[in-house]
Amino acid sequence: MIVVTGATGNVGGALVRTLAADGSAVTATSRGITDADVPPGVVARQADLTEADSLRPVFEGARALFLQNGSASAFRLDPRAIAGVAKAAGIERIVLLSSQGVVTRPDSASHGGVALAIEEAVRESGVDWTILRPGGFASNMYAWAESVRTRRVVTAPFGDIGLPVVDPLDIAEVAAAALRGDGHTGRTYELTGSAPTTPRQRTQAIADAIGEPVAFVEQTRDEARAEMLRFMPEPVVDTTLAILGEPTPGERYVSPDVRQVLGREPRSFADWARRNADGFR
């Protein structure tokens, strides 16, 4: 059995569907998950990564674990306690969803520091491990969905600065390969899309996917910062704006790791937009 944490998120949900489609025995877990959130045959179990003891009954009988790094709650995790519960339950393999920020923003507590601490706990757990370090997610563009649906406009900063955002489905398929196959133990994979795309280009890809014009309106950095501060802590906002506006060479880099693991090129942003067009109509 494979346990998937964060199973209602973009990557976790895609991973559950990928594993279930291939007939793997899967337990999907998150704080509020219900049977309605998972495909037929998948067991849904509620648990909280910030409370390691809640994971004990979920991990019982499992052989492999997909560990989501906690996202916004990452600073509240006790990764060594989680790894200890996994090992005690007999789990033999952990695939960790980490962050590219471990190497590109190591001095950022929000993007690098917490993720590195979780990586270290997994490496020292005594369990076989694989670490996934994705860059920005294509699904982050869902933040534009309401304005596209209601006004056919995207408002964003740094309209002509490109980053190779990665499709969450590619992350899920790499995770599935690492959970089920050999040759991934002790490996760290950096996961990106197939090519850098700018916000302006992504807007056009969404317009092409829904078959209607969508205008792009470029924000100033200060305008974007003020908007982001309404729902994100200040350190996260400042690091995010630095990534979007002054990306490092590592953040611009197109990694070969998706191709090496899956034997094909990463999906493009246009692929993601076509597959998720209904969310923008």
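For clarity, every value in this text was computed on a predicted model and none was experimentally measured.
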Nearest heavy atoms of [X] and [Y], plus distance in Å:
X	Y	answer
A86	I94	CB-CD1, 4.4 Å
A115	V102	CB-CG2, 3.5 Å
G12	V4	O-CG1, 3.8 Å
A215	T203	O-CG2, 4.0 Å
G250	E190	O-OE2, 3.7 Å
A175	L132	CB-CD1, 3.8 Å

According to a hydrophobic-cluster definition based on side-chain heavy atoms being under 4.5 Å apart (Ile, Leu, Val, Met, Phe, Trp, Tyr only), do [X] and [Y] belong together?
X	Y	value
F158	Y253	no
I161	V237	yes
V254	V258	no
I210	F269	yes
M141	I243	no

With salt bridge (charged side-chain N to carboxylate O under 4.0 Å, His left out) as the criterion, how do R63 and D128 come out once you've worked through the C-alpha distance, each side chain's angles and the decisive distance to 0.1 Å?
CA-CA 11 Å; R63 65 169 185 83; D128 288 349; over 6 Å; no
Any luck finding a side-chain donor-acceptor pair between [X] and [Y] under 3.5 Å?
X	Y	answer
E119	S98	yes
T50	D48	yes
T27	R45	no
Q100	E251	no
N276	Y142	yes

With a 6.0 Å cut-off (strictly less than), is the heavy-atom count around [atom1] of [X], excluding the residue itself, greater than 12?
X	atom1	value
R187	CZ	no
E146	CD	no
E60	CD	no

Exercise for review: Test side chain to side chain contact (heavy atoms under 4.5 Å, CB included) on I2 and L65 and set out the steps.
Suggested key: CA-CA 6 Å; I2 300 172; L65 168 65; over 6 Å; no
Check whether [X] reaches the backbone of [Y] with its side chain - one donor and one acceptor, N or O, closer than 3.5 Å.
X	Y	value
T18	A172	no
T130	H184	yes
T248	T104	no
R152	P213	no

Note, [X] side chain near [Y] side chain (heavy atom, < 4.5 Å):
X	Y	answer
I33	V38	yes
V3	M1	yes
V26	V43	no
F137	I171	yes
V166	P266	no
V174	Y189	yes
L96	W129	no
Q204	V214	no

When rounded to the nearest 0.5 angstrom, what is the spacing between [atom1] in [X] and [atom2] in [Y]?
X	Y	atom1	atom2	answer
R275	D167	CZ	CG	4.0 Å
I82	D53	CD1	CG	11.0 Å
D170	L191	CG	CG	8.0 Å
S24	L179	OG	CG	8.5 Å
S139	L169	OG	CG	11.0 Å
T8	R31	OG1	CZ	9.5 Å

Practice item. Take L229 and E234, measure what side chain to side chain contact (heavy atoms under 4.5 Å, CB included) needs, and give me the verdict at the end. Key: CA-CA 6 Å; L229 282 171; E234 186 172 12; 4.0 Å; yes
Would R267 and W272 count as a cation-pi pair here, with the cationic atom under 6.0 angstrom from the ring centre and within 45° of the axis?
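No, R267 and W272 do not form such a contact.
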Notebook entry, point to check: Strictly under 6.0 Å, is that where the ring centroids of W144 and F216 end up?
Noted result: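 No: the rings miss the under 6.0 Å criterion.
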Side chain to side chain contact (heavy atoms under 4.5 Å, CB included), that's the test. Do V217 and V154 meet it? Break it down for me. CA-CA 6 Å; V217 177; V154 166; over 6 Å; no
Item to complete: Apply side chain to side chain contact (heavy atoms under 4.5 Å, CB included) to the pair L97 and L67, showing each step before the final yes or no.
Response: CA-CA 6 Å; L97 180 64; L67 179 59; over 6 Å; no
Check side-chain hydrogen bond (donor to acceptor under 3.5 Å, both in side chains) between R200 and all other residues, then give those that pass, not counting sequence neighbours.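 For R200, the residues satisfying side-chain hydrogen bond (donor to acceptor under 3.5 Å, both in side chains) (neighbours in sequence not counted) are D160, E218.
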NZ/NE/NH1/NH2 to OD/OE distance under 4.0 Å, [X] and [Y]:
X	Y	value
E92	K87	no
R133	D257	no
R221	E246	yes

Intermediate values then yes/no, salt bridge (charged side-chain N to carboxylate O under 4.0 Å, His left out), D208 and R274: CA-CA 8 Å; D208 293 343; R274 285 190 292 269; over 6 Å; no
Check your understanding: Taking it one step at a time, do R281 and E212 satisfy salt bridge (charged side-chain N to carboxylate O under 4.0 Å, His left out)?
Key -> CA-CA 9 Å; R281 289 195 169 102; E212 294 192 27; over 6 Å; no
